[in-house]
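Bear in mind the structure is a predicted one, so any value in this text is a computation, not a measurement. By convention here, the first residue in the shown sequence is residue 1. Note that ligands are numbered from 1 as they come in the structure, with each ligand's atoms numbered from 1 the same way.
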Amino acid sequence: MADRSYIMLGIESSCDETAAAIIGSDKTIYANEIASQMDQHAEYGGVVPEVAARAHLEMIDVVIDRALQRAGLALADIDGFAATAGPGLIGGLAVGTVTAKAIAAARQRPYYAVNHLEGHALSARLTDSIGFPYLLLLVSGGHTQLLAVAGPGRYHRYGTTMDDAAGEAFDKCAKIMGLGYPGGPAIEKAARLGNAEAIVLPRPLKGADHCHFSFSGLKTALANKLKQIGGADQAPLHDLAASLQAAIADCLADRSQRAMRQFAADYFSSPPDTQPVLVIAGGVAANKYIFAQLADTAGKNGFRLSVPPAALCTDNAAMIAWAALERHNLDK
Ligand code: KG4
Ligand code: ZN
């Protein structure tokens, strides 16, 4: 028994997804279930906290049951229970943490409170064998940060956004363009048919001698372009989407390049004895165009790029269970 994989059930409910996953300490993904509330929020153009909290309450038992069924396991087979404890919308966090704590207490198993950002930060290690330290570009709807990840709980932040997150820029611009919510996937789809050089948009902070980001000026520039054109009805939406995606990708690549230099100087000898790794995580990492641009920049700077599969980039419970397992492995 001592050698068998430790099995963790994780819950994620910090925003608009109710998710449960069962992961083994040997990296087996037994189940990774998700119930999205996106349809319920789409008509409002963003997540409504009260609607989200009620939907989490309705779905939490359902997704846990689905995960157990998919895994072919019973609650008695689970060794530990984890839930996202923050940051996020308080109603959803309460539903997830109270559920995980209650089951853990009833089954007399440990409970792990997981930071949502740490879930994203460590997710790449579930599917790729990456050692510490690595450089992380975390790009989600709420955060855009560059961090050195030296181990679970051991982070050094090089840069963060001064205003909007990259995903927020996608979402707000998509809303102005009438492309719906969530904006990132809608803009990526529209951009496939557009010309990225058609509309000139700024690259805020490009070349700056630090690793911070700024995206709100990009949103204002796009809104001004739309006004000049005469509104979203008249606008070449595909070209606008492609130009916006290129501008965001360009900013992410430029700031990451700055951080790669800093990270290499901080953690690696010159020349490095192993190849340093840049990990991208968070919902925006699911964007193929951004991946290609960052892969190119990483390669030019001697880094390998690692991106979790799309289902592990956007919010999910596998990353929460995995982050709890990383903690568990530290305590062994
Ligand atoms: O990590 P995530 O699922 O939730 C947060 O913790 O925020 O990220 C959601 C964000 C949203 O802003 C969404 O528009 C963006 O990720 N996103 C994308 C894509 N898929 C999701 N942005 C660009 N391209 C995509 N394909
Ligand atoms: Zn997230």
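Only side-chain heavy atoms of H120 come within less than 4.0 Å of ligand 1; its backbone N, CA, C and O stay farther off.
Annotation: atom 24 (N) of ligand 1 to nearest protein heavy atom, N287 ND2, 3.0 Å. Scanning all protein heavy atoms for the shortest distance to atom 18 (C) of ligand 1 gives G184 CA, 3.5 Å. Shortest contact from atom 26 (N) of ligand 1 to any protein heavy atom: E188 OE1, 2.7 Å.
Side-chain contact check for Y30 and D77: no donor-acceptor pair (N or O, by modelled atom type) lies under 3.5 Å. At a cut-off of 3.5 Å, with distance as the only test, a side-chain donor of S214 or D163 sits close to an acceptor on the other residue.
Of the options G283, A169, A174, the smallest heavy-atom separation from atom 16 (O) of ligand 1 is shown by G283. Distances from atom 4 (O) of ligand 1 to the heavy atoms of D315, D171, V284 put D315 nearest.
The aromatic rings of H156 and Y158 sit perpendicular, their planes meeting at an angle over 60°, well past the 30° parallel limit. Between F263 and F268, the angle of the ring planes lies from 30° to 60°, which puts this pair in the tilted group. Relative ring orientation between H116 and H120 is described as perpendicular, the plane-to-plane angle rising above 60° on a 0-90° scale split at 30° and 60°.
Listed by atom number, the atoms of ligand 1 under 4.0 Å from G142 heavy atoms are 7 (O). Listed by atom number, the atoms of ligand 1 under 4.0 Å from S140 heavy atoms are 1 (O), 5 (C), 6 (O), 7 (O), 8 (O). In summary, the atoms of ligand 1 found under 4.0 Å from a heavy atom of G167, numbered by their order in the structure, are 12 (O).
At the Zn ion (ligand 2), the angle from NE2 in H120 to OD1 in D315 is 100° when rounded to 10°.
An N or O contact shorter than 3.5 Å links G141 to ligand 1 by distance.
Within the coordination shell of the Zn ion (ligand 2), defined by N, O or S atoms under 2.8 Å, C15 is absent.
Contact between Q245 and ligand 1 is absent, with no heavy atom of the residue lying under 4.0 Å from the ligand. Heavy atoms of P185 approach ligand 1 to within less than 4.0 angstrom. Residue contacts with ligand 1 include H116, since one of its heavy atoms falls under 4.0 Å from the ligand.
Other residues, nucleotides and ligands contribute more than 12 heavy atoms inside 6.0 Å of the CZ atom of R304. The environment of NZ in K175 is sparse: at most 12 heavy-atom neighbours from other residues, nucleotides or ligands sit within 6.0 Å. Heavy atoms of other residues, nucleotides or ligands lying less than 6.0 angstrom from CZ of R54 number 12 at most. Heavy-atom contacts from other residues, nucleotides or ligands closer than 6.0 Å to CD of E197 number 12 or fewer.
Side-chain N or O atoms of K101 include none that pairs as donor or acceptor with a backbone N or O of A113 at under 3.5 Å.
Taking the Zn ion (ligand 2) as reference, H116 places its N/O/S atom NE2 nearest.
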